[in-house]
Number of protein chains: 2
Amino acid sequence: MNNLRFATAVHILVLLDKFRGEFITSEFIAGSINVNPVVVRRELKVLREAGLVLSKKGKEGGLSLLKDPTCIHMGELYKLVNQENTLGRMNHPNPACPIGKQMNSKLQSLFYQADNALILTLNKQSLADFAAQIV
Amino acid sequence: MNNLRFATAVHILVLLDKFRGEFITSEFIAGSINVNPVVVRRELKVLREAGLVLSKKGKEGGLSLLKDPTCIHMGELYKLVNQENTLGRMNHPNPACPIGKQMNSKLQSLFYQADNALILTLNKQSLADFAAQIV
DNA sequence: CTTAATGTAACAAAATTTATTACATAAAAA
DNA sequence: TTTTTATGTAATAAATTTTGTTACATTAAG
């Protein structure tokens, strides 16, 4: 997760929360985040497909928050934008090594536990909670 | 953390644990992990500087576990190999945007909380615990 | 019909990560 | 003392991932 996706997704959702009821453009969002609009649209696709966001095409179109921000939890969002293991990738150990060949199955369960614990922690905070910190 | 560093560090330490008392070479470790020996030595540098590992140069040299494996905790190890935020990087929002300009300080504290929770979870498991799963 | 928006593919550029080569240094053993 | 075998690390190359950009199809309001 050495990327900007979580930060970008949160930023998008906070803006949508602050402009609840209205439609704002990806251009506007991109201007606030300071990235290319296409990057924003790519992230919006994920949010839309997860049912968090509504998009309206054409003139007077734009984006709008679809789901209740008190029901959008940060862990859920993290899972959405990060499909990989939080603790990173795994090697492909030498199958001829009796120790190495057992490594990945044990790492996998450690990674799984860690991901779950992280998501549970993040789920304690909703988008509404987070956005409320921003005046 | 979209890299192999944590998996690599754990693998190294498990091998050192299994060969406790002996010196094993970075070449041997690399052979088990299936990576270049230089990658292993780079990681060993971090482990050595943190006092986990002892290295002996020259003929008959190699690596050996220095610290008691029941006192090496996974969270500590994770911190060692991952200096960045677990939840990723942050954008550089437009300072002219009243919402955007507040984003990073709030994200920073969320990131901090998440990192702490993750490390606490990982610290419940020691190297000894982890290695014991591997016969 | 014009205008202004999303949606996406295709490609380019940048940044990060891993692999490799080369060689200095150290220490044991012949 | 010389040879052998290790670590340590710099420098560079290659691969992969991430982000940026361009282009254009599609959609809908006015």
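Chain letters run A, B, ... following the sequence lines, proteins first, then strands; residues in each count from 1.
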- request: Give the B/S/- string for nucleotides 21-30 of chain D, one per nucleotide from 5' to 3', where a protein heavy atom under 4.0 Å of the base yields B, of only the sugar-phosphate yields S, and otherwise -.
  value: BB---BBBB-
- prompt: Within this structure, what is the NE2-to-C1' distance between B/His92 and C/dA15, rounded to whole angstrom?
  reply: 13 Å
query: Distance check: side-chain N/O of B/Asn2 vs OP1/OP2 of D/dT18, anything under 4.0 Å?
result: yes
- prompt: Distance check: side-chain N/O of B/Ser55 vs OP1/OP2 of D/dA6, anything under 4.0 Å?
  reply: no
With B/Ser32 via side chain to side chain donor-acceptor pair (under 3.5 Å) - residues at least two apart: B/His11
query: Which is true for B/Leu63 with a 4.0 Å heavy-atom rule: it touches a base, it touches only sugar-phosphate, or it touches nothing?
result: sugar-phosphate
task: Could you tell me how the ring of A/Phe19 sits relative to the ring of A/Phe28: parallel (under 30°), tilted (30 to 60°) or perpendicular (over 60°)?
output: perpendicular
message: How long is the straight-line distance from CG of B/Leu52 back to CG of B/Leu13, given to the nearest 0.5 Å?
response: 6.0 Å
message: Can you measure A/Asn82 atom CG to D/dT17 atom P for me and round it to whole angstrom units?
response: 14 Å
- request: Measure the CZ-OG1 distance between A/Arg89 and B/Thr8 for me, rounded to the nearest 0.5 Å.
  value: 10.0 Å
Contact list for residues 56-67 of chain B, test salt bridge (charged side-chain N to carboxylate O under 4.0 Å, His left out), sequence neighbours left out: B/Lys67-B/Glu76
query: Does A/Arg48 have a side-chain nitrogen or oxygen under 4.0 Å from the phosphate oxygens OP1 or OP2 of C/dG7?
result: yes
task: Starting from C1' on C/dA15, measure out to CG on B/Asn91 and report it in whole angstrom.
output: 15 Å
message: Can you measure A/Leu44 atom CG to C/dA5 atom C1' for me and round it to whole angstrom units?
response: 13 Å
message: With a 4.0 Å cutoff (strictly under), does any side-chain N or O of A/Ser26 reach OP1 or OP2 of C/dT6?
response: yes
field: Parallel, tilted or perpendicular, as decided by the 30° and 60° cut-offs, for the rings of A/Phe6 and A/Tyr78
entry: perpendicular
field: Protein-nucleotide distance (B/Phe28, atom CZ; D/dT7, atom C1'), rounded to Å
entry: 17 Å
field: Separation of atom CD in A/Glu49 from atom P in C/dT8, rounded to whole Å
entry: 7 Å
query: What parts of residues 3-14 of chain B reach DNA chain C, counting only heavy atoms under 4.0 Å away?
result: B/Asn3, B/Leu4
- request: Go through the structure and list residues passing side chain to side chain donor-acceptor pair (under 3.5 Å) with A/Asn94, not counting sequence neighbours.
  value: none
field: Atom-pair distance (CG on A/Asn34; C1' on D/dG20), nearest Å
entry: 13 Å
field: Shared hydrophobic cluster for B/Met103 and A/Leu122 (ILVMFWY, side-chain gaps under 4.5 Å)
entry: yes
- line: A/Glu84 atom CD is separated from C/dT16 atom P, nearest whole Å, by 16 Å
field: Partners meeting salt bridge (Lys or Arg N to Asp or Glu O under 4.0 Å) with A/Arg5 (sequence neighbours left out)
entry: A/Glu43
